[in-house]
There are 2 protein chains.
Amino acid sequence: MTNRQPTLSEVAKLAGVSVGTVSRVINNAPHVSRKARDVVERAIEEFGYVPNVAARSLASQRSGAVVLAISSDDPALFANLFFAQVISGVNAVIEESDLELMLVLAASERGRSRLSKILQSRAAAGVMLLALRENDPLTKIAEGSGVPVVHGGRSLDVDPPWYVDADNRGGARQAVEYLISAGRTRFATITGPQDMHAGVARYLGYREAMALAGLSDQRVVHSDFTEDGGRAAMAHLLAEHPDLDAVMVASDIMAAGALVLLKERGIDVPEQVAVVSASTTSSPPSTPSPRSPPSASRSRRSAAR
Amino acid sequence: MTNRQPTLSEVAKLAGVSVGTVSRVINNAPHVSRKARDVVERAIEEFGYVPNVAARSLASQRSGAVVLAISSDDPALFANLFFAQVISGVNAVIEESDLELMLVLAASERGRSRLSKILQSRAAAGVMLLALRENDPLTKIAEGSGVPVVHGGRSLDVDPPWYVDADNRGGARQAVEYLISAGRTRFATITGPQDMHAGVARYLGYREAMALAGLSDQRVVHSDFTEDGGRAAMAHLLAEHPDLDAVMVASDIMAAGALVLLKERGIDVPEQVAVVSASTTSSPPSTPSPRSPPSASRSRRSAAR
DNA sequence: GTGAAAGCGCTAACAC
DNA sequence: GTGTTAGCGCTTTCAC
């Protein structure tokens with residue numbers, strides 16, 4: 001279909017200018033005459049010139065790819081909305097530049113050594129760490145590489161200088177405040193695991209909202225981001241505090257369990273009890289590690305149906 | 001932390017051999033003496049040599065990255081288990097070689113032109129197409145690039161020579177056969193959209209199983225892979241065929257709707273009606289396009305609780 | 001404002 | 001089995 005791509009110097013020849021000029025145009029450097037620029041641009045267009053990235057990054061010594069390192073190779077774990085959103089966001093920025101996105105699944109020893117090779121081969125302009133577990137080896141690898149590091153989501157044990165994460169605390173707080181403004185007063189909460197960042201942060205947001213409204217934050221059951229956990233927690237709450245009129249659940253999946261139980265008990269939602277939850281993207285503790293994976297989440301409000 | 005990485009020729013000097021020898025060792029080419037190989041390997045180890053990928057792919061003219069092109073920038077759409085599984089699988093293979101995985105979100109015009117640039121810049125060893133919509137421009141771009149193409153999941157309008165996809169038909173059939181072996185006889189099905197590959201294939205599998213067992217395949221409602229759709233479809237089925245004792249639902253999410261309705265009607269699952277569904281990872285029709293996104297799915301059996 | 005030329009770090013062909 | 005060397009296609013000085 002297409003002929004062999006022309007090289008930069010071929011373009012130069014065809015356009016009747018020097019390689020220097022073509023290069024300047026491509027990198028839109030200053031000191032190029034309007035005329036030369038036009039000629040070159042036309043030639044590029046006409047012959048379908050596409051720069052060779054390898055040559056470019058070899059010559060320029062800087063390069064080229066932002067690495068997305070995922071400390072998990074469990075599809076169920078990294079197939080989640082939060083990561084997808086982060087990736088989508090990163091991609092949007094990447095598109096502006098001519099960087100590219102490199103994906104490295106670095107859960108195994110082998111994957112990790114691959115990652116550190118890649119980071120060291122000066123092929124990476126920066127690295128984003130995703131799905132870190134507590135005490136994750138990737139943290140060290142990334143730091144040791146000398147490449148700029150940013151975390152996607154936080155875990156409890158690191159407080160990264162650069163990160164992107166959902167506002168779990170603020171989101172939880174807003175969700176609750178919505179119910180407060182709707183007139184609810186006897187709140188309870190079902191929290192996520194308190195050794196996960198999202199679990200802690202959402203609980204914090206809940207307590208903040210309670211404190212600000214002068215309401216009691218004493219009705220609380222800690223749970224585990226699973227549906228069964230949510231269901232059990234709801235049963236517990238109902239037993240202890242039969243008079244409650246609102247529940248903030250720290251994740252949708254737990255809320256699903258809670259809603260099932262409420263329905264079974266014949267309690268009308270949202271008439272008798274209003275429910276809000278966070279659309280978590282966290283998973284329950286991962287198999288290999290006794291610790292939980294990091295939380296990565298996003299809050300929303302919903303007067304549950 | 002680390003000093004500047006040594007280059008290959010520096011390693012050669014330090015090891016007291018020629019660059020050719022070092023290069024041979026690295027690419028474990030033949031004709032290297034045991035002794036030389038040892039010396040070089042030790043030097044590589046000691047000085048922490050990591051090949052410069054840019055230089056390598058420039059010199060060798062072949063390079064280096066497998067492109068994962070996703071025709072969607074909607075996080076909700078590509079955050080799904082099927083893609084994650086595919087990616088995980090691809091990654092496992094990639095790890096063996098020293099290729100790398102490049103991620104390109106190519107839903108917008110801009111993203112697409114970026115993709116075609118990348119494919120043309122001889123930086124790609126192959127490309128995998130994901131989340132294609134019907135009549136997707138990526139198909140042409142990929143084909144026109146001259147790079148080997150493989151599809152992840154199929155859409156209805158292309159029959160790619162190379163693809164990876166779930167066995168939707170076979171999975172559906174197996175799921176139903178399981179219920180047949182459990183003694184069910186009066187089957188119904190709630191299908192997915194019949195303009196999506198997964199919708200069609202699962203329905204086909206269902207009909208196959210019915211045919212082989214000599215059962216009627218006449219109880220069918222077409223639906224849309226949404227929960228509400230599943231619920232409505234279930235209501236419809238119940239009205240038309242109050243005597244049915246098994247339902248195959250083409251996706252989990254529709255099954256959720258169906259189960260809710262069954263519960264409301266006081267119908268015991270699985271006592272009175274058994275339900276199986278496919279753990280689809282498809283989404284309902286995407287916003288920008290009037291057509292549905294491709295299906296990407298995986299079947300499983302479950303006697304629904 | 002433009003051109004010429006010296007590399008970037010590696011591979012591959014060729015000579016020994 | 002090993003060493004030498006000419007590029008790969010670009011960027012980047014340095015002259016002009």
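The basis for the numbers below is simple: all heavy atoms, side chains too, and nothing from hydrogens, waters or symmetry mates. Please read these numbers as outputs of a predicted model, since none were measured by experiment.
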- Any side-chain N or O of Ser57(A) less than 4.0 Å from the OP1 or OP2 oxygen of dC10(D)? no

- Considering just the side-chain nitrogens and oxygens of Thr21(A), establish if one lies under 4.0 Å of OP1 or OP2 belonging to dG1(C). no

- Task: Please determine, by modelled atom types, if Ser155(B) and Asp157(B) share a side-chain donor-acceptor pair under 3.5 angstrom.
- Result: yes

- Message: Between Arg56(A) and Asp98(A), does any side-chain N to carboxylate O distance fall below 4.0 Å?
- Response: yes

- Message: If the cut-off is 4.0 Å, is Gln61(A) near the phosphate of dC10(D), judged by side-chain N/O to OP1 or OP2?
- Response: no

- Query: To the nearest 0.5 Å, what is the distance between CG (Leu156(A)) and CG (Leu132(A))?
  - Reply: 12.5 Å

- What does Ala36(B) touch in the nucleic acid at a heavy-atom separation under 4.0 angstrom: a base, only the sugar-phosphate, or nothing? sugar-phosphate

- Query: Can you tell me how far P of dC10(C) sits from CZ of Arg56(B), to the nearest Å?
  - Reply: 8 Å

- Nearest-Å distance, CG (Leu8(B)) to P (dT5(D))? 16 Å

- Item | Angle by which the axis turns from one end of the helix from dG1(C)-dC16(D) to dC16(C)-dG1(D) to the other, five pairs per end, to 10 degrees | 30°

- Which part of the nucleic acid does Pro51(A) contact within heavy-atom distance under 4.0 Å: base, sugar-phosphate only, or nothing? sugar-phosphate

- Item | 4.5 Å side-chain heavy-atom contact, Tyr163(B) and Leu129(B) | no

- His31(A) has its side chain closest, among dG1(D), dT2(C), dG9(C), to dT2(C)

- Query: Which distance, rounded to the nearest 0.5 Å, do you find between the CG of Leu14(B) and the CD of Glu46(B)?
  - Reply: 8.0 Å

- Message: Can you tell whether the side chains of Glu143(A) and Lys140(A) come within less than 4.0 Å, N to carboxylate O?
- Response: no

- Message: Nearest whole Å is fine: how far is dG9(C) P from Asn52(A) CG?
- Response: 17 Å

Check the interface with nucleotides 12-16 of chain D: list each N/O to N/O pair with the protein under 3.5 Å, or write none.
none

- Item | Heavy-atom side-chain proximity of Val67(B) to Leu115(B) below 4.5 angstrom | yes

- Comparing Ile26(B) and Arg37(A) on DNA chain C - which has the more 5′ nearest nucleotide: Arg37(A)

- Message: Please determine whether a side-chain nitrogen or oxygen atom of Thr7(B) lies at a distance below 4.0 Å from atom OP1 or OP2 of dG9(C).
- Response: no

- Task: With rounding to the nearest 0.5 Å, note down the distance linking CZ in Arg133(A) to CE in Met196(A).
- Result: 13.0 Å

Pairs of donor and acceptor atoms involving the side chains of residues 32-42 of chain A, under 3.5 Å and at least two apart or interchain, shall be tabulated with distances.
residue: Ser33(A); atom: OG; partner: Ala36(A); partner atom: N; Å: 3.1
residue: Arg34(A); atom: NH1; partner: Asp38(A); partner atom: OD1; Å: 2.9
residue: Arg37(A); atom: NH2; partner: Ala29(A); partner atom: O; Å: 3.4

